[in-house]
There are 2 protein chains.
Amino acid sequence: MKEVTLKQIAENLGISITTVSKALKDYKDVSKATKAAVKAEAKRLNFTPNSFAVNLRTKESKTVGLIIPEVVHHFFSSVINGIIDKAEKKGYLVIILQSNESYKLEKKQVELLISKRVDGIMISMANTTVDVGHLNHIRDLKIPLVMFDKISKLVACSKVIINDRMAAYEATKHLIDSGCKRIAHFRGALLPQNSIDRFLGYKKALEDHGLTFDPALVYICENVDYDNGRSAALQLIADGHKIDGLFAITDMAAAGAITVFKERNINVPDDISVMGFSNWFLSQAITPALSTVDQPGYEMGKKSFKLLYKEMRAKREDRYLEPVIRVLETKIIKRQSTK
Amino acid sequence: MKEVTLKQIAENLGISITTVSKALKDYKDVSKATKAAVKAEAKRLNFTPNSFAVNLRTKESKTVGLIIPEVVHHFFSSVINGIIDKAEKKGYLVIILQSNESYKLEKKQVELLISKRVDGIMISMANTTVDVGHLNHIRDLKIPLVMFDKISKLVACSKVIINDRMAAYEATKHLIDSGCKRIAHFRGALLPQNSIDRFLGYKKALEDHGLTFDPALVYICENVDYDNGRSAALQLIADGHKIDGLFAITDMAAAGAITVFKERNINVPDDISVMGFSNWFLSQAITPALSTVDQPGYEMGKKSFKLLYKEMRAKREDRYLEPVIRVLETKIIKRQSTK
DNA sequence: GTGACTTCTTTCATCGTTCCCCTATTTTGT
DNA sequence: ACAAAATAGGGGAACGATGAAAGAAGTCAC
């Protein structure tokens with residue numbers, strides 16, 4: 001039960017280790033006969049190169065790291081899907097870490113990936129991350145880095161995002177187009193940029209279409225989940241606001257609100273039209289089916305890896321690549337929760 | 001911009017590489033003074049051991065592989081969550097691959113992980129996997145292996161599962177207890193054992209409670225998703241069966257069925273009570289909220305890694321560990337879709 | 001003074017590949 | 001026929017860390 005190594009094969013065939021190595025990699029300076037013999041013996045012994053040794057020599061591990069806030073999340077798991085699909089095709093494996101929205105953990109994980117010497121890193125920032133020193137550290141070490149979705153302008157690396165502001169603008173416009181005059185907004189916490197951008201898009205859409213923006217109609221959902229949506233909706237009702245439209249920052253929050261409306265016999269969409277954001281499974285399964293903004297998670301994952309891959313290749317060839325920013329298309333999905 | 005190595009530190013301090021190595025690992029045979037000097041210099045230069053070299057020497061990478069059918073899936077992403085949380089605490093990283101329910105891909109991925117020399121492998125089988133040669137190959141190589149959820153009896157390794165049969169029995173019993181007399185079942189495809197087990201649990205519950213099992217009331221959902229649930233429900237109605245209960249193999253399928261029932265003005269739970277399986281987000285967000293079986297994904301992930309960890313430790317110490325099977329508790333979650 | 005012991009440090013061999021740089025041998029050109 | 005070039009293969013030093021074993025230096029006892 002010994003490990004099969006190049007040495008083993010070389011001894012069996014009475015040739016040098018070098019020749020075996022070259023033969024297996026189809027170097028031109030080995031004769032066909034030798035190559036054939038080596039390959040046959042390698043197959044016979046079921047030889048697989050020791051990747052630890054290869055890593056050490058080549059200084060590459062064909063492994064990339066991915067840090068995301070949460071795994072159990074429709075959008076992020078779609079991104080993971082896109083990343084590992086694409087990565088596998090290019091011969092890369094993906095190590096996944098989740099920051100649980102914690103800056104401290106995120107920082108530690110970055111260091112961990114660096115010490116593991118992954119060939120590249122992809123990250124979507126935790127909400128609580130304000131200092132980006134750890135991310136710039138990655139750049140300082142010349143490790144390829146790509147950020148997606150939750151990014152920071154303070155890090156000069158390639159990024160893949162959607163235009164949150166425009167998407168929110170379109171979502172709000174859809175509500176306006178369908179006749180809504182007083183539109184509330186359930187926004188996220190103050191920190192992640194996406195939450196701000198979506199809010200700004202909402203506000204801009206109102207202003208551009210002759211509706212006055214009323215800050216009282218904006219509610220904050222700390223975790224943008226189902227329960228948050230419920231409580232914001234309850235608060236909205238308790239506050240006695242008469243609205244005919246709601247744009248919620250996530251589908252979960254929208255779903256929570258819809259449940260509350262149903263409980264209170266408020267008809268969706270006749271009394272209040274509701275727009276969500278993300279297009280999770282959920283949105284088609286609830287009643288009424290939720291109109292929402294499709295956020296292309298899988299595409300984002302694929303694109304992110306693609307950019308990372310280019311950077312890794314450039315690095316290998318000692319080239320420098322100017323960071324690029326890719327903005328992916330979103331689209332409005334009209335279902336039954338809007339007219 | 002050179003890499004910092006032991007050699008570097010040794011030269012700076014005018015001592016040998018070995019001493020540096022030992023000092024950093026707190027070997028007892030290095031003087032305190034030297035240790036302090038080495039540590040100071042290491043910190044000053046920001047030294048991190050080259051993990052490639054360490055891997056090669058120690059023949060360990062502190063990395064484990066995980067193969068699952070799908071990432072974008074509430075249950076599996078919960079398992080991932082449990083695994084990487086636990087793994088990280090023990091200093092292990094997790095490489096995730098998804099088989100997309102394909103046997104061919106799964107097999108390739110197993111070989112890939114073996115060639116990458118991960119310290120252990122965790123897997124939940126693809127539905128289409130019947131031959132388990134690739135899994136036994138893992139065992140032959142003495143690589144620690146743990147299977148979870150979708151397992152095979154033909155592989156002698158540790159496993160973490162739920163008792164699908166009993167859980168389905170309990171779910172069906174809940175329907176019976178709430179007064180249902182004619183209970184339909186939306187089952188999964190023929191292949192994965194879970195699907196069979198749940199079906200058997202359903203059948204047994206009927207028989208044990210004096211209800212006759214009617215094969216005509218069992219519908220097959222190929223992908224057990226929302227659309228499958230819808231079409232099965234439509235078929236059920238078209239077939240003209242009068243039922244007062246439905247046990248669907250997944251929450252998604254149950255949600256699809258409920259939508260159809262609502263469209264046809266069939267009241268849930270008054271006319272038909274519905275039970276799902278898994279307890280996804282979804283189940284609390286739809287109307288009526290879905291009664292279901294809670295499947296502890298996070299726990300399963302944690303437990304699986306724990307078992308793998310034990311095996312990896314045993315291997316390092318050249319001990320042999322008898323495979324164990326852990327059966328996790330499920331519980332019935334009563335919501336509004338059942339009486 | 002010499003053997004026996006500590007205590008600290010170095011030497012050396014490895015892990016398994018890769019790749020630069022040689023040496024033979026054969027082929028080609030003129 | 002002989003220099004130049006092409007072909008085939010081998011030697012051996014890395015890569016960076018580890019650890020068994022040997023060496024050096026100092027301490028102590030009798």
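In what follows, every chain begins at residue 1, and chains take the letters A, B, ... in the order their sequences are listed.
Spacing between atom CD of B/Gln8 and atom P of D/dA17 amounts to 11 Å, rounded to whole angstrom units. Rounded to whole angstrom, the span from the CD atom of B/Glu60 across to the P atom of D/dG19 amounts to 11 Å. Protein atom CG of B/Leu13 is 17 Å distant from nucleotide atom P of C/dC8, rounded to whole Å. In this structure, CD of A/Glu11 is placed 13 Å from P of D/dG10, rounded to the nearest angstrom. Straight-line distance from the CG atom of A/Leu6 to the P atom of C/dC19: 12 Å, rounded to whole Å. One can place CZ of A/Arg57 at 15 Å from P of D/dA17, the figure rounded to the nearest angstrom. Atom pair A/Leu24:CG and D/dG9:P shows a separation of 14 Å (rounding to whole Å applied). Atom CG in B/Asn55 sits roughly 12 Å away from atom P in D/dA17 (whole-Å rounding).
Legend: residues meeting side-chain contact (heavy atoms from CB on, under 4.5 Å) with B/Leu45, ordered by chain and number and at least two apart, are B/Val4, B/Gln8, B/Ile9, B/Asn12, B/Glu41.
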Return the polar atom pairs (N/O with N/O) between nucleotides 20-27 of chain D and the protein under 3.5 Å, or none.
residue : atom : partner : partner atom : Å
D/dA21  : N6   : B/Lys22 : NZ           : 3.4

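Salt bridge absent: B/Glu299 and B/Lys306 never bring a charged side-chain N and a carboxylate O closer than 4.0 Å. Salt bridge annotation for B/Glu3-A/Lys59: absent, with no cationic side-chain nitrogen under 4.0 angstrom from a carboxylate oxygen. Classification of A/Glu311 and A/Arg319 as a salt-bridged pair fails, no side-chain N sitting under 4.0 Å from a carboxylate O.
When the nearest nucleotides of DNA chain D are assigned to B/Tyr27 and B/Phe52 by heavy-atom distance, the more 5′-ward of the two goes with B/Phe52.
Considering only heavy atoms from C-beta on, A/His134 comes within 4.5 Å of A/Glu106 through its side chain.
Candidate nucleotides D/dA17, C/dC15, D/dG9 were compared by shortest atom distance to the side chain of B/Leu56, and C/dC15 ranks first. Checked against C/dC19, C/dC8, D/dG16, the side chain of B/Ser31 finds its nearest nucleotide in C/dC8.
Residue A/Lys108 places its NZ atom among 12 or fewer non-hydrogen atoms of other residues, nucleotides or ligands, all under 6.0 Å distant. Counting heavy atoms of neighbouring residues, nucleotides and ligands inside a 6.0 Å radius, atom NZ of A/Lys310 does not exceed 12 of them.
Between the side chain of A/Thr129 and the backbone N or O of A/Met125 there is no donor-acceptor pair closer than 3.5 Å. The backbone N or O of A/Ile138 lies less than 3.5 Å from no partner atom in the side chain of A/Lys142, so there is not a single donor-acceptor pair. Under the 3.5 Å distance criterion, the side-chain polar atoms of B/Ser304 are matched with a main-chain donor or acceptor of B/Met300.
In this model, the phosphate group of C/dC15 is not approached by any side-chain N or O of B/Lys59 to a distance below 4.0 Å at OP1 or OP2. Side-chain N/O atoms of A/Lys32 include none lying less than 4.0 angstrom from OP1 or OP2 on D/dA8.
A heavy atom lying under 4.0 Å from DNA chain C marks none of the residues of residues 34-42 of chain A. Of the residues in residues 44-51 of chain B, those placing a heavy atom less than 4.0 Å from an atom of DNA chain D are B/Phe47, B/Pro49, B/Asn50, in numerical order.
Applying the salt bridge (charged side-chain N to carboxylate O under 4.0 Å, His left out) definition to pairs two or more places apart or across chains, none involves residues 81-94 of chain A.
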Scan the side chains in residues 75-83 of chain B for donor-acceptor partners under 3.5 Å anywhere in the protein, sequence neighbours excluded, and list what turns up.
residue : atom : partner : partner atom : Å
B/Ser77 : OG   : B/His73 : O            : 2.9
B/Ser77 : OG   : B/His74 : O            : 3.2
B/Ser78 : OG   : B/His74 : O            : 2.8
B/Asn81 : OD1  : A/Gln98 : NE2          : 2.2

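Across all strands, B/Thr19 comes closer than 4.0 Å to base atoms (heavy-atom distances). Residue-level contact check: B/Ile17 touches the bases, meaning some heavy atom is under 4.0 Å from a base atom.
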